[in-house]
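The block underneath contains the structure these notes are about, expressed in structure tokens.
Quick note: numbers below take in every heavy atom, side chains included, and nothing from hydrogens, waters or symmetry partners. One-based numbering along the sequence shown. We count ligands from 1, going down the list as the structure has it; atoms in each ligand are counted the same way.
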Amino acid sequence: MADPVIEVRDLGRTFGTRAVLQGISFTVDKGETLIIMGGSGCGKSTLLRHIIGALKPSCGSIRIFGEDIGVMTPDEFDALRLRFGMNFQFGALLQSLTVGENVALPLIENSQVDPAIVDLVVQMKLELVGLTGFEHFKPSEISGGMRKRVGLARAVALDPELLFSDEPTSGLDPIMTAVIDQLTLDLTRKLDMTAVIVTHDMTSAFRIGTKIIMLGAGERAGTIIAEGTPDEIRNHPDPEVQQFIKGEPDGPVPLRLASGDYIGGLLDPGRRKHIDS
Ligand SMILES: Nc1ncnc2c1ncn2[C@@H]1O[C@H](COP(=O)(O)OP(=O)(O)O)[C@@H](O)[C@H]1O
Ligand SMILES: [Mg+2]
């Protein structure tokens with residue numbers, strides 16, 4: 001079998017004395033869409049930033065297309081980055097530029113792209129995400145769902161082999177979420193991309209993922225507590241996984257108020273004891 005496109009081995013990261021990621025290992029094969037899921041603050045974005053080389057791990061290794069990114073020279077890494085498409089919250093659209101100019105950014109920044117074809121590529125990518133005719137609008141003049149689609153069009157501007165997305169549907173209603181999910185599926189299939197997508201939206205995760213890893217909360221924060229196909233995750237025996245899937249407030253996930261009181265787990269003293277012990 002071919003080597004995995006991404007191989008993360010025993011990745012750990014501490015900020016100060018706090019371990020945010022611990023013992024993270026997984027692989028992503030070509031054409032797969034890996035979903036990283038888990039509650040707020042469990043380390044999803046931090047993990048993604050390590051995979052794209054924006055953060056350096058405290059221990060462990062990350063191989064992409066078979067190469068260890070930890071030992072790459074800056075030039076080697078820049079060449080690798082050209083094969084990535086990134087759709088991140090911190091890489092939001094530039095408000096002063098039009099929709100078309102935003103999508104053109106990765107093309108203009110990459111000197112290998114002939115300026116004469118930039119417009120053509122922008123038109124193609126906007127068509128892919130159903131935004132033909134919107135190239136002259138400013139981000140402030142279109143809806144939130146449309147802005148997310150522009151972000152996606154920009155991420156795939158260079159026909160990346162690898163797509164990374166951080167919460168591509170956060171803040172969207174369920175219908176617009178379904179639209180973005182369908183678009184992500186179409187793009188990854190049409191362009192034969194491998195994708196890593198962070199989400200805490202279970203419906204999205206099951207819709208677009210071919211493989212899911214879930215990071216834990218509380219004592220198990222920053223570790224993988226479940227890994228598998230969407231079906232395996234759906235039927236996973238871990239109560240924390242089930243609580244997350246079902247969106248139940250009462251369960252093993254410890255939710256503390258500033259006062260120190262739990263806002264979850266209050267109804268079931270048996271489980272509460274389990275958390276406290
Ligand atoms: N640069 C940093 N310095 C210190 N702590 C950080 C840094 N980046 C993230 N963290 C901490 O790591 C934890 C995980 O954050 P994050 O990966 O953003 O969570 P998620 O994306 O799952 O909501 C949080 O508690 C956050 O405060
Ligand atoms: Mg995040």
Heteroatom proximity flag, Gly43 to ligand 1, N/O under 3.5 Å:
yes
Nearest non-hydrogen protein atom to atom 18 (O) of ligand 1, with distance, is Ser45 CB, 3.8 Å
If you apply the rule side-chain hydrogen bond (donor to acceptor under 3.5 Å, both in side chains), what do you find for His200 with Glu167, and how did you get there?
CA-CA 7 Å; His200 61 251; Glu167 307 271 10; 3.2 Å; yes
Sidechain N-carboxylate O distance under 4.0 Å for Lys30, Glu161
no
Between Lys125 and Asp159, is the closest basic N to carboxylate O distance under 4.0 Å?
yes
If we number the atoms of ligand 1 from 1 as shown, the ones under 4.0 Å from a heavy atom of Ser40 are 23 (O)
From atom 22 (O) of ligand 1, work out which of Glu167, Arg13, Lys44, Arg18 has a heavy atom at the shortest distance.
Lys44
Which heavy atom of the protein is the closest neighbour of atom 23 (O) of ligand 1, given with residue, atom name and distance?
Gly41 N, 2.7 Å
Pro57 and Leu11: which non-hydrogen atoms are nearest, and at how many Å?
CB-CD1, 3.2 Å
Find all atoms of ligand 1 within a distance of less than 4.0 Å from any non-hydrogen atom belonging to Thr46, and give their numbers and elements.
9 (C), 14 (C), 15 (O), 16 (P), 17 (O)
Counting non-hydrogen protein atoms only, what is the nearest one to atom 3 (N) of ligand 1? Give residue, atom name and distance.
Phe15 CD2, 3.4 Å
Do the side chains of Ile52 and Leu105 join up, straight or via other hydrophobic residues, at under 4.5 Å, putting them in one cluster?
no
Got a sec: is Ser45 within less than 2.8 Å of the Mg ion (ligand 2) via an N/O/S atom?
yes
Under a 4.0 Å heavy-atom limit, does Val20 contact ligand 1 with its side chain, its backbone, both, or neither?
side chain
Regarding Asp231 and Arg234, does a basic nitrogen lie under 4.0 Å from an acidic carboxylate oxygen?
yes
Heavy-atom side-chain proximity of Asn87 to Lys148 below 4.5 angstrom:
no
Is Gly16 in contact with ligand 1, taking contact as a heavy-atom separation below 4.0 Å?
no
Ligand-residue contact atoms, ligand 1 with Gly39, heavy atoms, under 4.0 Å
22 (O)
With a sphere of 6.0 Å drawn around CD of Glu141, does it hold more than 12 non-hydrogen atoms of other residues, nucleotides or ligands?
yes
